[in-house]
Amino acid sequence: MSKLSENVHSTLNQIPKFKLFNFSQYALKFPDVIQLTLGEPDFNTPDHIKLAAIKAIINNHTRYAPQRGIPALLNAISADVEQKLGLHYDPKDEIIVTNGVTEGCYATIMALANPGDIFLLPTPGFPMYVADVAIAGAEIVEIDISKDNFKLTPQLLQKYLDKYGDRVKGLIMVNPSNPTGVAMNQAELDALADVIRGKNIFVISDEIYNCLWYEDEIGSIAKALPEQTIMFNGFSKTYCMTGWRIGYICAPREISAQIFKVHCFALTDTVTFVQDAAIEALVNGQYDCLPMKKAYIDRRDYICDALAKMGWEHPFPQGAFYVFAKAPEFLEQDDEKLAYDLINNAKIAVAPGSYFGKGGEHYLRFSYAISLDDIKIAMERLKKYTAERKLQ
């Protein structure tokens, strides 16, 4: 008699393990280890946002919400996107409120993918998309961008389009990048848009870090290619609302209508009073992220300077809150082994670069979404560890 566990959807056997999550859970077992693994702001949700949710609960705003989202929130999202990017999305049929960007990604991939389709993912990149595409029965093709300053170039993109032709269904972009912190400016995004304009290719643009640009103006490929772009964003990073689980999708109405079908059956709706909190964030929280942004810049500059002095090479982060650093040659070059050794012998936890796909080998991702005081202690521990290994 066969095991019931063997009688599941055949695709699930091909789903890669979420190694980053497992590693982070392992690191949390050690209370004396400084955690530079997860991309979760150490700041609290602003009080005015929390109070808006409390008020909504007291006022019994706790029933089912419209499946696309509360009209007031849809209107607020539309206004915010237009103010920041100059793009107009109709709140009635071009925006969907989701259970974080994670659900938005899943609903979108399920709506787009057919068996045999290919989705291009510049790597190192966030691994969630690999699993979503595999669940949908399609295929991820990784584009190693590590030799191009961790940016996808038009020439490299064209090479992959030539190779895979009509099988390419989508290009997945995360900008600024997780794990590198590298941000592509508008001119660079415009050049990529020119390569795929008019082709039957969707651009899935994850812009969850768009409030955390440090150098240039906010760029978005949706500005160059709105008719082909499906844009994700949310409240986790800008407003420190990671546990609230709320995000949104902006897309042309014909595409939005298809994604909405998946969203409806995967998730009845998004929590009503959380949507009220999100309205408060967008309407009255426009400046909430500014002190956080300043703190992130100070942390970035400190950690980059410390790593450089130790011989760790890395691209300079222009956004998000990560440094993606290459281990010096005298250290263990298996990044996973090195990361585990750092937990055990240096009491710091950083994410192995290979978890983020091709081009991440020999790198480690340092998250600076922790206090500067903890970063200073972590860098002292790493300095001691690096110096000791160099002498061996």
Side-chain angles (χ1 to χ4, degrees), residues 9 11-12 15 64-71 73-75 77-78 81-82 85 87-121 126 128-141 161 164-175 192-193 196-208 220-234 245-270 275:
H9 197 295
T11 303
L12 295 178
I15 305 303
Y64 290 132
Q67 288 184 297
R68 271 195 180 269
I70 295 172
L73 177 54
L74 295 170
N75 288 330
I77 291 168
S78 179
V81 172
E82 189 157 9
L85 299 179
L87 294 171
H88 177 73
Y89 290 94
D90 192 323
K92 296 191 298 296
D93 54 14
E94 293 186 319
I95 301 172
I96 304 170
V97 176
T98 61
N99 185 232
V101 168
T102 301
E103 186 256 325
C105 169
Y106 175 82
T108 297
I109 296 295
M110 294 302 293
L112 301 183
N114 289 303
D117 287 343
I118 283 175
F119 288 79
L120 301 176
L121 176 67
F126 194 58
M128 175 180 71
Y129 296 99
V130 178
D132 285 343
V133 170
I135 291 170
E139 180 184 349
I140 278 279
V141 171
L161 295 182
Y164 293 101
D166 293 340
R167 289 186 62 197
V168 177
K169 175 62 71 70
L171 168 66
I172 300 171
M173 301 282 295
V174 182
N175 191 46
L192 291 179
I196 56 178
R197 181 173 286 107
K199 295 181 172 64
N200 291 321
I201 297 174
F202 297 96
V203 180
I204 298 170
S205 183
D206 182 341
E207 303 185 8
I208 190 65
S220 172
I221 198 166
K223 293 169 70 173
L225 203 63
E227 67 278 7
Q228 291 174 237
T229 300
I230 301 163
M231 182 176 66
F232 302 153
N233 209 328
R245 307 314 306 137
I246 185 163
Y248 57 87
I249 304 169
C250 295
R253 61 176 48 85
E254 295 83 1
I255 303 171
S256 181
Q258 301 304 316
I259 299 171
F260 183 56
K261 293 176 183 178
V262 180
H263 168 76
C264 285
F265 292 106
L267 189 80
T268 302
D269 63 350
T270 305
Q275 294 194 56

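Residue numbers count from 1 along this sequence.
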Around atom CG of Asp90, are there more than 12 heavy atoms from other residues, nucleotides or ligands closer than 6.0 Å? yes
Using atom types as modelled and distance alone, determine if a side-chain donor or acceptor of Gln275 lies under 3.5 Å from a backbone N or O of Gly69. no
Is any side-chain heavy atom of Ile255 closer than 4.5 Å to a side-chain heavy atom of Ile230? yes
Starting at CG of Leu73, measure out to CD1 of Ile246 and round the result to the nearest 0.5 Å. 5.5 Å
Any donor and acceptor pair, going by atom type alone, linking the side chain of Ser78 with main-chain N or O of Tyr89 inside 3.5 Å? yes
Between Phe232 and Thr98, is there a side-chain heavy-atom distance shorter than 4.5 Å? no
Side-chain contact test, heavy atoms from C-beta onward, threshold under 4.5 Å: evaluate it for Leu74 versus Lys92 and give yes or no. no
Side-chain atoms of residues 132-139: list all donor-acceptor pairs with protein atoms under 3.5 Å, sequence neighbours left out, distances to 0.1 Å.
from	atom 1	to	atom 2	distance (Å)
Glu139	OE1	Arg167	NH2	3.1

Does Ile201 offer a backbone N or O that forms a donor-acceptor pair with the side chain of Gln228 under 3.5 Å? yes
Which heavy atom of His88 sits nearest to which heavy atom of Glu94, and what is that distance? O-OE1, 4.1 Å
Looking only at heavy atoms, the pair that brings Val101 and Gly234 closest together is CG2-N, 4.2 Å
pair Val97-Ile70: side-chain heavy atoms closer than 4.5 Å: no
Kindly give the heavy-atom pair with the smallest separation between Asp269 and Pro66, and that separation in Å. CB-O, 4.2 Å
Student check: side-chain heavy atoms of Val81 and Asn233 closer than 4.5 Å: no
I need the minimum non-hydrogen distance between Leu121 and Phe126, along with the two atoms involved. CD2-O, 4.2 Å
Return the CZ to CD1 distance between Phe260 and Ile96, rounded to the nearest 0.5 Å. 6.5 Å
Counting only N and O atoms by type, is there a donor-acceptor contact under 3.5 Å from the side chain of Ser220 to the main-chain atoms of Ala222? yes
What's the spacing between Ile249 CD1 and Thr108 OG1 if we round to 0.5 Å? 3.5 Å
May I have the step-by-step check of side-chain contact (heavy atoms from CB on, under 4.5 Å) for Asn175 and Ile221, ending in yes or no? CA-CA 9 Å; Asn175 191 46; Ile221 198 166; over 6 Å; no
Quick check on side-chain contact (heavy atoms from CB on, under 4.5 Å): which of Ile109, Val168, Val141, Leu171 does Phe119 satisfy it with? Ile109
Would you mind reporting whether Asn200 and Asp166 have side-chain heavy atoms less than 4.5 Å apart? no
Under 3.5 Å: donor-acceptor pair, side chain of Gln67, backbone of His263: no
Side-chain (Lys261) to main-chain (Ala111) donor-acceptor, under 3.5 angstrom: no
Asp93 side chain to Arg253 main-chain N or O, any donor-acceptor pair under 3.5 Å? no
Is any side-chain heavy atom of Leu192 less than 4.5 Å from a side-chain heavy atom of Val203? no
Gap separating the NZ atom of Lys169 from the CG atom of Asn114, nearest 0.5 angstrom: 4.5 Å
Among all residues two or more places apart in sequence or in another chain, which pass the side chain to side chain contact (heavy atoms under 4.5 Å, CB included) test with Val174? Tyr129, Asp206
Taking every non-hydrogen atom, the tightest pair across Cys250 and Ile77: SG-CG2, 4.4 Å
Answer yes or no: is there a donor N or O on one side and an acceptor on the other, between the side chain of Arg245 and the main chain of Glu103, under 3.5 Å? no
About how many Å separate NZ of Lys223 and CE of Met231, when rounded to the nearest 0.5 Å? 11.0 Å
Nearest 0.5 Å, please: how far is SG in Cys105 from CE in Met128? 4.0 Å
